[in-house]
Amino acid sequence: MTGAFLFVATGLLLIILLILSFLQIRAAGHALGEPREGDGRRDAFPREPYQQELGVRVFGSQDYDFIAKQGSSRLTRLFLEQRTSLALSLLRNVRANATRLIRVHSRAARTSSHLDPLIEARVVADYLFIQLFCQGLALLVWLRGPVNLFRWVGYADEMSKRLYGLTVKIIPAGLTTEENNR
Amino acid sequence: MQGRFERTDVAAAREDLKNRTLAKIGPEFGRLIYLASTRDYNTGRYYHDGLAFQFSEEVAEKVIAEAHREVFMNLTLGALEDFANELQLYFSSVAVEPREIVRAWEKLEPYRIAVPVDCDPLTVSLFSANVKLALAIVESRQRAAQ
């Protein structure tokens, strides 16, 4: 009975995460239909998903261990509230940067004549994975705080770097085309 | 030729600021507050008469802005324990009753002006969060010491 319940709960959770990610992809797609002046150059090189040092501080355990040693439940509660909020903002940034990358990539891909279907499929898959993964991580952070999750966030960062590496292959061609069209 | 002089000027100004001014201020928090205080709140620009006289206003502003950012980032992205210790060290260097400073900092939040311009919002949030935690820790240490 418990097993069946867990199975159903996990399935429902996955469906919710998929729906949330789908809604975000639609939002990114709608943004594509609205050409913005000068956005290509600004959006072409989105900033890093997150600063590694910030990630270490927020998702590491060193500061939590120090706070726990103070022996004050009020302090521990305050610490966890603050760091949870920061962690959720960080994860939102990672997802937002991935969406910005996809937007720029899609704009460049529309004008490119040398698209590799395999690479395009990988771009979409990586983007979806980042969204799903970060949503799942955000849920975990919301439930138990961000402490000791640095390795998982590092993984999301690696995926973001991979997505950046894939999309940047086509962006210079897209940018050049935009320049010529001005 | 002029470009080479400018780079040397900036390096020399940096050394001058580090050895003649910042070296005299012990706690990192003290350096942060000092560097923030050289900023004009109306324009956001940094002014330092000594450096400007020796080098130029542009070089002085560049060097102080860099130093301000560096001190801020080192403090904020370092360990929370070090952050709390530096804050306590700074409070003990000010000629005011520590309890008074803690109360004033909790109410007025004057540390917000110590943030450099164009800082990442998340780093700024971490700094503010750390100050609030460090104030609570300093206060409990004071209570324990009495």
Side-chain angles (χ1 to χ4, degrees), chain A residues 42 45-97 100 134 137-138 141 145-150 153-154 156-157 160, chain B residues 28-29 32 66 68-89 91 98-99 102-103 105-107 109 111-112 114-146:
Chain A
R42 190 173 62 243
F45 303 104
R47 57 177 189 270
E48 287 295 303
Y50 77 100
Q51 297 166 259
Q52 181 139 20
E53 298 135 319
L54 197 57
V56 168
R57 282 273 73 82
V58 173
F59 293 99
S61 59
Q62 188 185 16
D63 292 350
Y64 177 76
D65 292 341
F66 166 65
I67 288 291
K69 262 192 268 176
Q70 307 306 307
S72 161
S73 56
R74 181 184 71 93
L75 214 50
T76 307
R77 209 170 29 247
L78 177 64
F79 173 83
L80 285 173
E81 264 170 29
Q82 290 172 346
R83 292 297 167 94
T84 296
S85 170
L86 278 164
L88 292 175
S89 297
L90 252 163
L91 289 170
R92 258 195 302 274
N93 275 3
V94 173
R95 286 180 11 239
N97 279 331
R100 261 199 294 275
C134 287
L137 208 49
V141 166
V147 181
N148 277 327
L149 290 179
F150 179 65
V153 175
D157 183 45
S160 296
Chain B
E28 280 291 285
F29 242 98
L32 179 70
E66 279 174 6
H68 185 196
R69 195 180 170 83
E70 192 185 324
V71 169
F72 175 80
M73 294 302 259
N74 285 344
L75 259 174
T76 307
L77 299 178
L80 179 59
E81 185 172 3
D82 295 338
F83 192 99
N85 290 342
E86 287 292 336
L87 188 65
Q88 186 163 16
L89 211 58
F91 284 176
R99 233 178 315 163
V102 170
R103 228 177 290 138
W105 274 48
E106 277 169 353
K107 282 205 168 117
E109 299 184 352
Y111 47 87
R112 290 187 186 278
V115 175
V117 167
D118 292 337
C119 246
D120 171 55
L122 280 179
T123 311
V124 176
S125 298
L126 178 61
F127 173 77
S128 299
N130 280 355
V131 171
K132 288 180 178 135
L133 284 166
L135 284 173
I137 291 167
V138 167
E139 200 174 14
S140 76
R141 282 177 185 172
Q142 282 168 0
R143 260 187 265 118
Q146 282 165 0

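Labels below follow one simple rule: chain letters A, B, ... track the order of the sequence lines, proteins then strands, and each chain is numbered from 1.
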### Message
Counting only heavy atoms from other residues, nucleotides and ligands, does the tally under 6.0 Å from CZ of Arg141(B) exceed 12?
### Response
yes
### Query
Under the 3.5 angstrom rule, does the side chain of Arg83(A) hit a backbone N or O of Arg57(A) as a donor-acceptor pair?
yes
### Summary
Heaviest contributor of heavy-atom pairs below 4.5 Å to chain B, chosen from Leu78(A), Ile67(A), Asp63(A), Leu75(A), is Asp63(A)
### Query
Does a donor on one side chain sit under 3.5 Å from an acceptor on the other, for Arg92(A) and Ser89(A)?
yes
### Task
Would you indicate whether the side-chain heavy atoms of Asp157(A) and Val94(A) approach each other to under 4.5 Å?
no
### Query
Does any heavy atom of chain A fall under 4.5 Å from the side chain of Thr76(B), the backbone, both, or neither of them?
backbone
### Message
Please classify the contact of Phe66(A) with chain B as side chain, backbone, both or neither, using a heavy-atom distance under 4.5 Å.
### Response
side chain
### Query
Most heavy-atom pairs under 4.5 angstrom with chain A, which of Gly78(B), Ser125(B), Ala136(B)?
Gly78(B)
